[in-house]
Peer 1: 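One structure follows; several queries about it will come next.
It should be emphasised that the depicted structure is a prediction, and the values quoted were computed from it without experimental measurement. Below, all heavy atoms of this structure are taken into account, side chains as well, without hydrogens, waters or symmetry copies. Numbers restart at 1 for each chain; the letters A, B, ... are given by sequence-line order, proteins then strands.
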There are 2 protein chains.
Amino acid sequence: MSEKPGSFAYDGLDRVLHEKARLGILTSLFSHPEGLVFGEIKSLCTLTDGNLSRHLQVLEREELVEIVKESGSGRPKTTVFITPLGRERFQEYLVELQTVLQAAKAAEKATGAQPGFSPA
Amino acid sequence: MSEKPGSFAYDGLDRVLHEKARLGILTSLFSHPEGLVFGEIKSLCTLTDGNLSRHLQVLEREELVEIVKESGSGRPKTTVFITPLGRERFQEYLVELQTVLQAAKAAEKATGAQPGFSPA
DNA sequence: TAAAAACACTTTACAAAGTAAAGCTTGGAG
DNA sequence: CTCCAAGCTTTACTTTGTAAAGTGTTTTTA
């Protein structure tokens, strides 16, 4: 074997971002710099109320999103924005994702496996 | 907003595969159809013994890997192979990963964000 | 040839996290 | 006025990831 130790460690795969639900939330927010309201995110990501609420807490604690609540009179309205830090971390995460994909692509070539996904 | 519900749900992100450690293990095994021994995987993925052991259990239970143990005389030797099902699921997972990346790329274009990662 | 260190794991225990169910408040429809 | 729906939060549960300790063997090395 020729690889160096740690070749497949993927340390850059941030645990906060590397989660199905939060990845969806962040991607949707990344696509909508104008922000999204609670209900929209819920629908876009197919999450339950409680689920979304909890994940937003995590993302807010990490300062990856900003949450603005309007509740004066009328129904409460929660709008969520991705922060600059959030954009940054998200993009770093994507870089790591590409690394994974490229490692796999290289393996397909090397081992002669049938490509299961098309090159970008 | 124009997207359909569920656009960012990423249901294809299989929970068994969508985990840092296991993703590394599978990628390394995918790259080595001849199999890898316990110690090699441990080194390649920078995992502790217990950690690797546990994740291998999960992967074996899901029939994504095959584990062969030789223990007659001499030190025990555990060799791990990716199964055909494992290759399949892994490749499906990669397809979903590309979806995520492409959604992000599209968002960068649409919102005019600075690319944080280069196109494949 | 004992004792010690290294290998090769497994088991156990703990802490964090994801998920679902229930709860609470306000708004609108009938 | 009553009932149902919208818009969340809180709580409780279950799974999971991670690390620490444990077991047995096999080389060193003194």
Peer 1: Measuring from atom CG of A:Leu56 to atom CD1 of A:Ile67, what distance do you get when rounded to the nearest 0.5 angstrom?
Peer 2: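 CD1 of A:Ile67 is found 4.5 Å from CG of A:Leu56.
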Peer 1: Between the protein and nucleotides 15-19 of chain D, list every N/O to N/O distance that falls short of 3.5 Å.
Peer 2:
| unit_1 | atom_1 | unit_2 | atom_2 | d |
| --- | --- | --- | --- | --- |
| D:dG17 | OP1 | B:Arg22 | NH1 | 3.1 |
| D:dG17 | OP1 | B:Arg22 | NH2 | 2.4 |
| D:dG17 | OP2 | B:Arg22 | NH1 | 2.7 |
| D:dT18 | O4 | B:Arg54 | NE | 2.8 |

Peer 1: Please report the distance, rounded to the nearest Å, between CG in A:Leu56 and C1' in D:dC8.
Peer 2: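 Atom-to-atom, A:Leu56 to D:dC8, this comes out as 11 Å.
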Peer 1: Under 4.0 Å: is that the gap between some side-chain N or O of B:Thr78 and OP1 or OP2 of C:dC9?
Peer 2: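 Affirmative; the distance criterion is met.
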Peer 1: C:dA17 C1' sits how many Å from A:Asp14 CG, rounded?
Peer 2: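 Distance, rounded to whole Å: 14 Å.
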Peer 1: Restricting to pairs with a member in residues 19-31 of chain A, which pass salt bridge (Lys or Arg N to Asp or Glu O under 4.0 Å), not counting sequence neighbours?
Peer 2: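 Qualifying pairs: A:Lys20-B:Asp11.
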Peer 1: Using the six-membered ring wherever Trp is involved, compare the ring planes of A:Phe8 and B:His32 and label them parallel, tilted or perpendicular (cut-offs 30° and 60°).
Peer 2: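 Judged by the thresholds at 30° and 60°, the geometry between A:Phe8 and B:His32 is perpendicular.
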Peer 1: Whole angstroms only, please: what is the CG-P distance between B:Asp49 and C:dC9?
Peer 2: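 So the two atoms are 8 Å apart, to the nearest Å.
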Peer 1: Atom CD1 of B:Ile67 to atom P of C:dA8: distance rounded to whole Å?
Peer 2: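 After rounding, the gap between these two atoms is 16 Å.
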Peer 1: Residues two or more places apart in sequence or in another chain: which of them pass side chain to side chain contact (heavy atoms under 4.5 Å, CB included) with B:Thr46?
Peer 2: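 B:Thr46: side chain to side chain contact (heavy atoms under 4.5 Å, CB included) contacts with A:Ala9.
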Peer 1: Please list, chain by chain and in numerical order, all residues satisfying side-chain hydrogen bond (donor to acceptor under 3.5 Å, both in side chains) with B:Tyr10, sequence neighbours excluded.
Peer 2: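 Scan of B:Tyr10 (side-chain hydrogen bond (donor to acceptor under 3.5 Å, both in side chains), adjacent residues dropped) gives none.
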Peer 1: Looking only at the side chain of B:Arg75 (C-beta and beyond, no hydrogens), which of the listed nucleotides D:dT26, D:dG7, C:dT10 gets closest?
Peer 2: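 Comparing D:dT26, D:dG7, C:dT10 against the side chain of B:Arg75, the answer is D:dT26.
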Peer 1: Please work out if A:Lys69 contacts a base, only the sugar-phosphate, or nothing of the nucleic acid, heavy-atom cut-off 4.0 Å.
Peer 2: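 Touches sugar-phosphate only.
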Peer 1: Identify all side-chain donor-acceptor contacts of residues 57-66 of chain B below 3.5 Å with residues at least two apart in sequence or on another chain.
Peer 2:
none

Peer 1: Taking the hydrophobic residues Ile, Leu, Val, Met, Phe, Trp and Tyr, and joining any pair whose side-chain heavy atoms are under 4.5 Å apart, which ones share a cluster with B:Phe81?
Peer 2: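 Listed partners: B:Val68.
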Peer 1: Using atom NZ of B:Lys77 as one end and atom C1' of D:dT26 as the other, report the distance to the nearest whole Å.
Peer 2: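 Distance check: B:Lys77 NZ to D:dT26 C1' gives 16 Å.
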Peer 1: Tell me: CD of A:Glu62 to C1' of C:dA17, nearest whole Å?
Peer 2: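 Computing the A:Glu62:CD to C:dA17:C1' distance gives 13 Å.
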Peer 1: Output the rounded distance in Å from CD (B:Gln57) to P (C:dT12).
Peer 2: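 From B:Gln57 CD to C:dT12 P: 11 Å.
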Peer 1: Quickly work out the A:Lys42 NZ to D:dG7 C1' distance and round it to whole Å.
Peer 2: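 Rounded to the whole Å, the gap is 8 Å.
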